There are 4 protein chains.
Amino acid sequence: MIGFVNDYSEGAHERILARLGDENRVRHDPYGEDAICDEARGYIRSALGADCDIHFLVGGTQTNATVISALLRPHQGVISADIGHIATHESGAIEATGHKVLTLPSVAGKLTASQIEALAAAHRDDPTREHAVQPAMVYLSHPTEVGTIYSKAELEAIAAVCRKFGLLLYIDGARMGCALTAPGNDVTLADLARLTDAFYIGGTKMGALFGEALVLPNAAAAKDFRYIIKQKGGRLAKGWLLGAQFAELFRDGLYERLAAHANKMASQLAAGIEALGLSFLAPGATNQVFPVLPVGAIEALQNEFAFLVWEKADDRHMAVRLVTSWATEEAAVETFLAALRGCLAAKEG
Amino acid sequence: MIGFVNDYSEGAHERILARLGDENRVRHDPYGEDAICDEARGYIRSALGADCDIHFLVGGTQTNATVISALLRPHQGVISADIGHIATHESGAIEATGHKVLTLPSVAGKLTASQIEALAAAHRDDPTREHAVQPAMVYLSHPTEVGTIYSKAELEAIAAVCRKFGLLLYIDGARMGCALTAPGNDVTLADLARLTDAFYIGGTKMGALFGEALVLPNAAAAKDFRYIIKQKGGRLAKGWLLGAQFAELFRDGLYERLAAHANKMASQLAAGIEALGLSFLAPGATNQVFPVLPVGAIEALQNEFAFLVWEKADDRHMAVRLVTSWATEEAAVETFLAALRGCLAAKEG
Amino acid sequence: MIGFVNDYSEGAHERILARLGDENRVRHDPYGEDAICDEARGYIRSALGADCDIHFLVGGTQTNATVISALLRPHQGVISADIGHIATHESGAIEATGHKVLTLPSVAGKLTASQIEALAAAHRDDPTREHAVQPAMVYLSHPTEVGTIYSKAELEAIAAVCRKFGLLLYIDGARMGCALTAPGNDVTLADLARLTDAFYIGGTKMGALFGEALVLPNAAAAKDFRYIIKQKGGRLAKGWLLGAQFAELFRDGLYERLAAHANKMASQLAAGIEALGLSFLAPGATNQVFPVLPVGAIEALQNEFAFLVWEKADDRHMAVRLVTSWATEEAAVETFLAALRGCLAAKEG
Amino acid sequence: MIGFVNDYSEGAHERILARLGDENRVRHDPYGEDAICDEARGYIRSALGADCDIHFLVGGTQTNATVISALLRPHQGVISADIGHIATHESGAIEATGHKVLTLPSVAGKLTASQIEALAAAHRDDPTREHAVQPAMVYLSHPTEVGTIYSKAELEAIAAVCRKFGLLLYIDGARMGCALTAPGNDVTLADLARLTDAFYIGGTKMGALFGEALVLPNAAAAKDFRYIIKQKGGRLAKGWLLGAQFAELFRDGLYERLAAHANKMASQLAAGIEALGLSFLAPGATNQVFPVLPVGAIEALQNEFAFLVWEKADDRHMAVRLVTSWATEEAAVETFLAALRGCLAAKEG
């Protein structure tokens, strides 16, 4: 079975395993206060061009719940796209910390500055607003859940609305590497450090075994953050395990190289599918492709390839999701395209 | 200023004040374990035809948050209409107890059994359901936030879906009296005791000073409930204050008489407005009327009458909300209709 | 049965009922934004000599949970005496909002500045402090759960420690009137407005039907407070019910007069008991007396009087709690003393 | 610097790293539903002699908060020793899920059945119990925070009290291996599966890189558990990382061998210290030793060895904590004993 089902079925890049092996024999200070975590922080701060607090956590849901509950007061909620990860795929982790997720409809997975402004202004102008949840933070996924990315102009417009209405801006970067290296991308980590209050650079889906690097450009927000990470179960006793992975990923650009490969594989998939005259649910930019395929083709392909059926397009077509990763082999892409070509030909024949 | 802005601006029926005065000189056991609360429970149990646990709480938001958090496990959420009180007007009280409100679009404020079934089935059939919030309870408002009511057939269909999918059924009856006495209503308190796991009979908006009577037909759900009421701040030290109000309301049918009066006043308003050729946002059944009025008429009426502008209908019309209560005087209704007639005539003249 | 079991079995002073009756026929703005609430706020601000935010809530547990959860961040806890109401009698209401109650042993129900300083310093100096709950607030009861009161010097010393360590200071004044009018008291409401971040002036136990007046001298803490009151179920729709009660209590000194009466009745009880050669568990200052009585006398007295047996003193003696209120009659005190005298005489005879 | 400061400064046993390396190249199903996790579950179930649900989580605080919040209703609390990890070292993680930790004083870190019975009976018999938190679970650490272990008779007595009062029994086994292999131990994993509702077998401190294996003998408690793990941030995307570690640890007894080594090193430390005529704070049984040393010796030893100063014994002596691990070398123990001998000789000389 050739896998396009997600980007977390493979392990880690070999260099990461090697570094873990090297450090395994050494005693390290616990809970992320060790020299390797500091090394990794140094690399990331260079990329940020700013001296932000950086914490390493184990996973994305944990990171989202920790950040959002740390920064909001009890009556405040977080604005998210309707398909945002916190709104749909975290088993209510945000609500479990006491906060409502205020959803807005999204186009290609993205929110716009004007949508956010309209929601914030409506709340401000509502005479009964104290009976509603106060919007206090904007949560964006970059790339989004359907693989699209924000442009620098879009993020700057959103950040301006946030400043205007006193909203915090937080970005979930589970697949940040794929955003940074997407064709046409103009957003850098330094931009994010300048525009947001918090964001995380995902490791789990980008070539690490596990782990996310949380960056807190808002110094006030960062106060006492280590207490809250501990409380939410996110302080790894052997924190150097996370430091070692991010040190390798950021020491010499490995993070971007791995993400660029994932993007390239997705792009080849998309080009091949488009060449067959098929259309897409969303405009691909990163490592996820959502082609609309005939139902019969899908059934045939599922014998050989693992992927998700995303949603119904019409009576005879479904959109599917193909995900590539740092570990996807070019041969797998070619095999898939050949099989798809075969399915379509058989159908016509 | 004549008030149609809500049904909680007036105090209580005189008989309630008189009873409070009578009992004020007597020492009572605290926390709702006194003889007057038992008297009130007796009257209500007669109406239910069932020996359910009954608790008296202070307000609706408190009652909703207490019931929902008492009955759900941490990963579970409650299904509500998009305009449900818990979804929009409780400052995130449900989320503050850790639970997501799962909203469905409503027609005239109501949910249907098939909508609920579709949501529950989709969750059950989702292979990644453990990453979503588990729907575990249905929350209905009866009457709804726009004054409509459920028929017995509709409630039975919803209760059947709940049983099929293991969902609890909870009904917010902030204006229960107006549902019970609405023209065409076929739902009794005994039906609610048979069909639901929990529901409350509202006092605050129905002629009491304050207070809601929570009924728990599901005996398992009722276990240890008094601890949770205390924890959520709902156990009134002088619980007899609530008992005395519900005793008067249910001793001889006062509750229904007061509600029927409110309905009648709304019905006269609606008939008068309709006679002027105007339309309505929602079909009126209880004590709320939502006529669509010309913008100019609204401005003129606001000098003399208090009411909410509900939403824009078109460039020159807005829907407004007129609420009547047990205390609304027929003269106020006539004054309003005369004024409205004047506005429309002036406009045409 | 003559009652010394608590101070919330009686209703309210007649003037309060009369005012409720007067206002019952008038329409009021909802949710505490009405003219009567403003009238009451005016009287209280005069007593405070400061323009603090004041909110009226229904009960003490609700007020405590609302204040504490509104002012703490997720990793922070509140310091309380081991017998503090929040630590023992609120069914975990504080923990239900996510916060630990950090208890210290108390003498006569009170904490000292040096105890608090020691705890705060130990936390600050603990190298693993990020694995502990951060102490961030001090909760005092004044009077305490055993009827004692803080002196101005004691409160100033505690407030100074709070400032030194960045702790908030919050005072639960469920029986505040009895503290203000206790013999030897030197603490005024103005002192509390100067020394604390938040405190409440209890109504339920001091002659109101129900209700507590929350004062927020810390303006930053007061931000958005009405959202949080709503969320925690504490915003009464007919908020004027609370305003009317506090307006009567504070219009012309009724609050202090009622409390002084309760204190006087307790003082007469204590003097009579002491004259019989009996001792006390705690030094009485307000409306609670804790005499140590022979077991046989307790059993005899329980036929005629309602009171709590507090704790065992030795094999033949128990401490009991006698509570007086604004409504306690002098005759009841005399009857009790005569009965006690009889019991002791019978025993000796 | 030779380390006795904790048992989580080293990495993992080489076999674990080797297995991770082997599996790294293979695609695995995510979220703990892969074949390696199943392999590990099989080994553990063999040891249990029971077909319990088993989940792999990342760390101890996360596991504790997930289990406790999953099994308790809102008004319920968990009984713990005063020095229990959940009471002191988890930054309020349990309270953050809404539950109070009810502490009891401990002797040598342990609770007794009679203490628990007394607390449960006092609650049951308290007429105002609904104003208190309901004790509903017992949390034990085995080994305890000071290295002691429960005997089978002690655990059976505690389990009997739990059954009698309807309390759940949960055991934190962060260092379970050291308990299983302690001299004099008579408790097996099968006993724990028989006596408890939930317990976890610690990996992080016992030779794994990270991870804990949670066992749920109570099938009702296990319902929907994967939702709650996800919500609390504990479902590792690459769950096979945990499975691989526990598979190696339990495939052929490696877990016990590593723990027995840690115990042996601690035992040699203790014997050597005792031979020098020194005493101990707590009776050593597992991998922690708490000798009472002269202050001067401590200062001298700290130049060469890392360890915690635990608490003051008298003006001239302090208890220190020495922790050994699977990776502690016998030479380190001998070096420490020689250095201590030198300090004491110098002092006498």
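By convention in this document, chain letters (A, B, ...) are assigned in the order of the sequence lines, proteins followed by strands, and residues within each chain are numbered from 1. What you see is a predicted model, and the numbers here were worked out from it, not measured in a lab.
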When heavy-atom pairs shorter than 4.5 Å are enumerated against chain A, which of B/R129, B/Q134, B/H99, B/H75 gives the highest number?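 Top option by heavy-atom pairs under 4.5 Å: B/H99.
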Choice from B/A93, B/P127, B/A96 maximising heavy atom contacts with chain A below 4.5 Å: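 Top count of heavy-atom pairs under 4.5 Å with chain A: B/A96.
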Measure the spacing between OG of A/S91 and NZ of B/K100 and express it to the nearest 0.5 Å.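 If we round to the nearest 0.5 Å, A/S91:OG and B/K100:NZ are 10.5 Å apart.
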Between CD1 on residue B/I94 and CD on residue A/E95, distance to nearest 0.5 Å: 12.0 Å
Who wins among A/T103, A/T128, A/V133 for the most heavy-atom pairs under 4.5 Å with chain B? A/V133
Return the option, out of A/T97, A/V101, A/T61, A/T88, with the maximum number of heavy-atom pairs under 4.5 Å with chain B.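 Counting heavy-atom pairs under 4.5 Å, the top option is A/T88.
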Please look at B/E130 and chain A and tell me whether the side chain, the backbone, both or neither of the residue comes under 4.5 angstrom of a heavy atom of that chain.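 The answer is the backbone of B/E130.
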